[in-house]
Every structure is written in structure tokens, then in C-alpha cells.
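Below is one structure, written out as C-alpha cells; comments come after it.
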Amino acid sequence: MAQTETNLNNSPSQQTSKKPEGVPFVIPVLPLQNTTLFPETMVPLSVGRPGSMAAVEAALAGEEKLLACISVKPDRTSEGDAKPEDLFEVGTLVMIKRMERVEDTLHLIVQGSDRIKLLAWEQQEPFLRARVSILPDLELKDKETVEATKRNVQSLIQQALAYLPQVPPEVRLIVLGADDPVRLAYFLGSILSMGVEKEQQMLEANTVDELMHLAHDFLAHEVEIIRLRSKIASEAQTEMDKAQRDYVLRQQMKAIQKELGEDEGGEAAEAAQLRERLAKADLPDDVRKEAERELNRMEKLPAMAPDYHVIRTYLDFILELPWRVSSEDKLDLKEAQNILDEDHYDIQDVKERILEFLAVIKLRPDAKSPILCFVGAPGVGKTSLGRSIARAMGRKFERLSLGGVRDEAELRGHRRTYVGAMPGRIVQSIRRAAVNNPVMMLDEIDKLGADYRGDPAAALLEILDPEQNNTFTDHYLDLPFDLSRVFFIATANQLGPIPPPLRDRMEVIQLRVTAIARNCRSLSAIWRHGRFSKMDCRQTNSNSPTMESKRSQRAIREKPACASSSGTSAAWRAKSR
Amino acid sequence: MSGESLERYFRMIRDDRRTRPSGRLWCPAADVYRTQDGWIVKVDLAGIKPADVEIKIDDDILRISGSRRDGICGEGVSHYQLETTYSRFEKMIQFPRSIEHASIDRDYRDGLLILRLREEQEQARAAKR
């Protein structure tokens, strides 16, 4: 290496060539694939193609062992011998320094000497031979610029070397200590993997200025790539370290759990448990398919993954829903009437209507559940009537208040992709009821709100339509749930705010002020149960009150004062009017 | 994959090319002896016709250049192995002082080019002083 180092710094001032610049001569041509050979560099080559081998043999037969190396254009590379038109027009004159035959290939060490220009092709078979002339030495135009570029190049090399600790020190010395910018550029061109296109551009540069400019640009590009590669490599390393650490910690945790006797197999056990529950659960086929799919997905996830818990909760919810569980209706009309009478005094017309419904259900159990809507002033017993119906039918009762609900998602649920997604209130009520045929009371349906997030009334249209609600799809659940067996009862104070399409779906029952008891004993019974109207007769939209009801109204007003010393809200309200 | 092997994968220098800077010409080995009246330069130039050697002096630099040609080549002969460097060579030797006025004797013996440089008496004396 010592010799080469001195060579870089001692430039011969004069050529001793017997083939001076500009004088054409004929020489065998070795096409180079995917590489470019620069003057003043020593390069090992392996030659195996028949045409190339013949060219090398011809060069070896010459007195001076000279050969022209010309690169093949990058888009013309092929498996076979290169054609003249595939080659660039500028190449390098090389001298074969060493040759060795290994099996069917020739191993050469060649030394680049001068740039040559291709003038004409003399021969194509069996090997390429061309008339070439030596190109003059590079012209130096602006010494200062070249020097400045050279220093920039050297500083770029230093940057690159900082990322490349494996580069041998002698290479560092060569590139950083080089005096001759041309040699430095050619050396860089031959050691960087820039691709034939760029390398050829450097080889064809006719002035030192141009050559240095190119070398600087290409090197800057390479340094950027090296920097990025190094960054990627170190990031990959950090990531691997983290994964490794997590793994070790998790293994330790498992070991600790095992020691503590807490090891039930962790997530595997959890998945197995869910699978067992899934096998036992009575689910419709499509639900089971979906649940199994999710469970398979969950098994592939580590317990730390956020999705793991989302899927777990979802599966839990699916398994808890009463897909096929329903309560037995007890449809004894007499008994029902007794219960209704027990709970509510008077309102004969309403009770009758309810009994009619029950009778229909008894006759046709598969008939669609009715949807009732009780309209009346506050306190007329709308909600309690619903509870009585549930009791009379022997069904579970679920009540959900819609007053002030503005978001459709509140009823229909959020899609599972959202963080903290929850099922809608309808499906949640069903889960609470644990049967799929509860009496569901939708309280204050006239007080639904609506805003930019959607209109809950629109969702109710689907829920309350017997034609559609057998495939009600909650966003969270993402599976159809049959609501057709649910007995919906809505309540409202006024019919006005309820959208007409919604109103049409329901059977509206007006509740007027209860025809009040005629004697005090029954009145106190009503009082004790809180089942009486706090409303003035004038406010009901019923027919004009009879004298009898007016009288009884007065009786109620007076009642708190005489029968009970403690004031009640009813009395207070009645008085305040 | 460790960081080290990643780095090896991403290395800049093409290992397969093992390119080295070389200069354009090859450089024969030379010994330089000091004598009482000058220098003896011995250059390893086997297989070179004396006529193909050119010697030049430029102030304190002795420049020996020429070309080695292979005489044994032609029909029916082909290389099986090549280790000798042919073609153009150049050797520059720098002396501590100018040798421009020295006389040169050329001798070509046993494949070695021997140059005897004699500095002129006066100059030698001046140098001694």
C-alpha cells in the first residue's frame, strides 16, 4: 500500500507512451457490465464470456498487454456477449498486470492508464476490436474552485467515514491525504457504488472542474444514503432491543406467576375460557361464526395489545346477550285484570285496551308485539302503568329515559373502532333484562333532542318498526338482534314534538286525570301509592271536566292539609296554581 | 441480526472490487548507492531493451521511463499465467541536491539497469564546503 500512497501524490508530468494522445490505434475491447473502470486505479476483474475471453487473450498476445475497457450501457446489459452498439464511446485503456486461469475463467488484475475515445469498430467476431485514440489529460480551468471542491469532498468523506468504522485506515489515509483532485475523484468513482450511469458521467468529464463537481454531487448523495442507512440500522437495533427486553420481562412475569400459583396459562386460558363459554352459549349461527372469528383473532394477539381487550369485552358482551332466552308469558286475563286493578284505580278504558292486547297475544302468540304510546300530563301514571303491564304479563320490565338524548349513537352504539366504544342503550337494556322479550319503556319520547351528530328519532323509527326491528343492528355489536319480541311502550307528555312517522308507528293512548275516588279511604290508598293525578283538570286535553271530577279535584287539594301534616310536592304544585 | 452485521450489510465500499489507486504506470524497484563522487542507481528492469529506456534529469530529479514489451507472443503461444508487468513504466528518484551537471554512465547487466552519476569536481567540492 505504501507504494500506492506515494503514487497518489506523485503525478508524472510527462507521458512516455509510445501511443501519444490523438494518434489512433487498434486495440481489443473488453465490455464491462455494471461497472466502470477509471484511469489510475487497479482493479481485479473476472472474465468468463467467450467474446471477452478472446479479447483478453488477444491483449495478452500483444507486446504491452494493453486492453480497452468500455462499459456497457445500463439498459443494454445481457447474459451474452455485448454488441458494439451496447457500449459507451469513452472508456479506459488498461494494462493487464496479472493473469491467472481458474477453470474456465480468467482472473485479471488490471491497471487503468488513460481515457480513450472510441473512433470506429474494426472487428466484432470473435471479439470486439476498435480503433481508439487517447484523450488528452483533463484541463484545469479554475484552480481555486477545484481546490475548494476538493476540500468539500474531503470533508464529505470524513462525514461518511464517521458512519463507516470498518473502512481500513489505509483507505482513510489515501482519500484524505490525496493531493491530485483527479486521482481522488477517480478513486471515489471506483469505490462508491453509484451505478454505471453516474460513473460514466465522471469518466467522460473533460475538465477537472466538471469532474470535481460531479464527484462532489455524487458523494454528497452517497453520504446522505449512508447517513440514512446508519440511522435505519440503529433504529432497527433499538427496536430489537426493546422487543427483546419486553420478551424477557414477560417471561419473568410468567415465572413469577407460576411461583405464586397464579399461572392459569394467562391469555391462553382466557381464550380457552371464552371458547368454552362460546361452545355452551345458545347463539344463532351467524353470531357464533362472527364470535369465533373474533376469538381466533384475539388468540393471535398478545395480551398487551390494545385490541385484545376490545375484542375480549366485545365477546363478553355477545355472550351475555339473551339471543334466544325469553321469558314465558303468563296470559291469564283474569289475573291480569286483577293486577291492573290493584295498581291503578279507574282508567277503565286504558286497562280495557291493555287487556284487549293481551287477549290478542294469547290468541296469536306469534303476532308482532304492539307498540303503545301513553300520552298524558306528568304523574298520571304512565310509567307505572307500563310496570303493571309487565307484571300482568309476567315479563321483565326495563325502562330507559330518552329525555334529552341527542346522539343517535346513544341508542345505536358506537362502532368498535372508536376508543371507549359502547353498545347502545337499547341493546344494553336487553342485556340487563337478560331476556329478549322484556317490556321496554321508552320514557319521555317527546323530549328527544337532535343535533349535528344525528337524530335519535330516526334510529327509533327502525327500533319501533315491527317490520324492521327483527334485524336491529347495533353499531357496536355489528350483528342483527331481534327486537320484534320486545313489548315497547313509549310515554310522552305531548304528542306535538313527536315526529309524525314515529307517531304513526305507535298506538297512542291518552291518559286523562284519573277519575278520582269518591271517598277518602280509597283516596288515601291512592295517596299512599302515589297513583293519582297532580294535574289540574283544565290542563288535560280531554273533554271538559265533569262536575264530579272538579269536586274530587278539590278534595285532593284539601287532602294534604287535613290528612297529612307534611307537605308533598303534589300538594305544593296543586296549590301553586 | 446484530447491529454489527447490519452495518456489514450496508457498507459503502464494494468489497468485490477491492479497487486500489495505482497511478497510470508501473514503477520498477530501484536501489540508490552513495559513492565518493556521486551516486549509483540500480533499477530492476529485466526484459527491457536498453533502447526502450529513456533517462531524463530535471534539477534534482532523475526520471527513468520506458516500456516493457513481451517478446514471446504470437502464433501458437498463449498465456497460461501472467505475473510480470508489461507496458509503460516510470521511476522518479529525488536526490538531495541538483544533479543536472552530473555525467551519467549507463550499464545494463543481468537484467539490471545501472546508472553511475558523477558530479563534477568543482560542484562536489562546493557541496563539501
Side-chain angles (χ1 to χ4, degrees), chain A residues 1 3-5 7-8 10-18 35 38-44 57 60-66 95-101 108 111-114 160 163-167 171 174 178 183-184 186-187 190-193 222 226 229-230 232-234 236-237 240, chain B residues 1-29 47 49 52-56 58 61 63-94:
Chain A
M1 279 315 290
Q3 183 191 337
T4 57
E5 274 165 48
N7 271 347
L8 251 188
N10 294 342
S11 179
S13 60
Q14 185 205 359
Q15 290 186 36
T16 55
S17 176
K18 297 280 171 184
T35 184
F38 288 93
E40 316 202 18
T41 53
M42 197 136 50
V43 180
E57 298 280 6
L60 287 170
E63 283 190 334
E64 291 193 87
K65 324 290 176 203
L66 293 178
M95 164 174 108
I96 302 170
K97 269 185 92 88
R98 294 209 168 194
M99 186 278 291
E100 209 174 281
R101 284 171 205 269
L108 308 177
Q111 182 177 347
S113 124
D114 295 277
Y163 291 107
L164 301 163
Q166 79 281 7
V167 173
V171 174
I174 292 167
R183 284 186 185 192
L184 177 64
Y186 283 159
F187 182 58
S190 59
I191 60 168
L192 297 176
S193 324
E222 292 297 314
I226 291 166
R229 278 176 167 178
S230 158
I232 292 165
S234 64
Q237 176 72 26
M240 274 185 287
Chain B
M1 192 189 274
S2 73
E4 197 190 337
S5 55
L6 270 178
E7 201 149 75
R8 215 176 295 141
Y9 182 67
F10 285 141
R11 65 175 34 169
M12 168 177 80
I13 308 286
R14 285 193 219 164
D15 239 14
D16 55 318
R17 282 177 74 170
R18 296 190 307 279
T19 307
R20 293 283 176 262
S22 68
R24 306 179 166 187
L25 313 166
W26 65 275
C27 190
K49 289 181 192 149
D52 282 344
V53 178
E54 192 179 341
I55 296 161
K56 270 192 171 178
D58 182 10
I61 294 173
R63 193 187 302 270
I64 303 156
S65 59
S67 181
R68 173 146 58 194
R69 292 152 192 282
D70 188 8
I72 311 169
C73 53
E75 282 299 312
V77 182
S78 73
H79 268 287
Y80 179 71
Q81 177 178 313
L82 172 82
E83 286 188 351
T84 312
T85 306
Y86 291 91
S87 195
R88 290 172 293 142
F89 65 86
E90 182 178 63
K91 182 75 188 178
M92 286 192 295
I93 298 161
Q94 189 169 17

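The chains referred to below are lettered A, B, ... by the order of the sequence lines, with proteins before strands, and numbering in each begins at 1. Hydrogens, waters and symmetry mates are skipped; everything else that's a heavy atom, side chains included, is used.
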Notebook entry, point to check: Judged by atom type as modelled, is there a donor-acceptor pair below 3.5 Å linking the side chain of A:E64 to the main-chain atoms of B:Y86?
Noted result: no
Tightest non-hydrogen contact, residues A:L60 and B:D70, listed as O-OD2, 4.4 Å
Cut-off 4.5 Å, heavy atoms of chain B, and the answer for A:I96 is both
Interface check, chain A: of B:V77, B:L82, B:D58, most non-hydrogen pairs under 4.5 Å belong to B:L82
Nearest heavy-atom contact between A:Q111 and B:L25 is NE2-O, 3.1 Å
- Message: Donor-acceptor check, side chain of A:R101 to backbone of B:H79, threshold 3.5 angstrom: yes or no?
- Response: yes
Minimal heavy-atom distance between B:S87 and A:L66, with the atoms involved, is OG-CD2, 3.5 Å
If you tally heavy-atom pairs under 4.5 Å between each of A:E57, A:E100, A:R98 and chain B, the highest tally belongs to A:R98
